[in-house]
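To start, the structure itself, in structure tokens.
Residues take their numbers from the sequence shown, with the count starting at 1.
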Amino acid sequence: MAVASDERTVYAGLLRSTLEAIAQTVDEMSEGDLDTHLIETASSAAQLANHTVGAVRGYALGVGCALDVERDRAAEFAAQGVPASELSG
């Protein structure tokens, strides 16, 4: 069991540092920049942050905790005008 526990610790640490980096980046961006599409077919930073939160919630709670989690992936990618505090909080 020690191996599984170590794997969870490593995974949790990597996930935490990744989410903290995303949150810091989002907090440093202006509202306009959050919704900017650098190319027409690309997602904005707000959409990618929103999708990342949805995916993490889905996998951590749904798969990791065996809870029923509903996700609206299309809505995650349609996010616009969402304040940074909601994306990073």
Side-chain angles (χ1 to χ4, degrees):
M1 283 295 184
V3 172
S5 177
D6 290 343
E7 288 175 7
R8 284 192 300 266
T9 300
V10 169
Y11 178 75
L14 291 170
L15 185 58
R16 183 178 300 110
S17 65
T18 300
L19 293 174
E20 286 172 352
I22 292 170
Q24 180 179 353
T25 300
V26 164
D27 286 341
E28 293 171 356
M29 295 178 76
S30 70
E31 284 186 33
D33 286 345
L34 282 171
D35 288 329
T36 297
H37 297 258
L38 296 178
I39 59 174
E40 188 176 322
T41 57
S43 298
S44 68
Q47 291 167 337
L48 293 172
N50 200 39
H51 171 64
T52 300
V53 169
V56 168
R57 184 180 298 119
Y59 283 105
L61 298 177
V63 176
C65 298
L67 299 175
D68 288 331
V69 178
E70 290 188 27
R71 259 180 89 192
D72 185 347
R73 196 168 183 275
E76 293 169 11
F77 282 106
Q80 187 168 347
V82 179
S85 60
E86 287 184 33
L87 295 169
S88 66

Discussion item. When you measure from the side chain of Q47 to the backbone of S44, do you find a donor-acceptor pair of N or O atoms at a distance under 3.5 Å?
Written reply: yes
Worksheet item: Is there side-chain contact between R71 and R57, with heavy atoms separated by less than 4.5 Å?
Response: no
Worksheet item: Which atom pair, heavy atoms only, marks the closest approach of A79 to N50?
Response: CB-ND2, 3.5 Å
Worksheet item: Should I22 and M29 be counted in the same cluster of Ile, Leu, Val, Met, Phe, Trp and Tyr side chains packed under 4.5 Å apart?
Response: yes
Response to the item:
Value for CD (E20) from CG (L15), rounded to nearest 0.5 Å, stands at 10.0 Å
Fill in: Joint cluster assignment, V53 & L19, ILVMFWY side-chain distance < 4.5 Å
no
Fill in: Euclidean distance, S43 OG relative to D35 CG, rounded to 0.5 Å
11.5 Å
Discussion item. Quick check for you: to the nearest 0.5 Å, what is the distance between T25 atom OG1 and D33 atom CG?
Written reply: 12.0 Å
Practice prompt. Starting at CD of E31, measure out to CG of L34 and round the result to the nearest 0.5 Å.
Written response: 7.5 Å
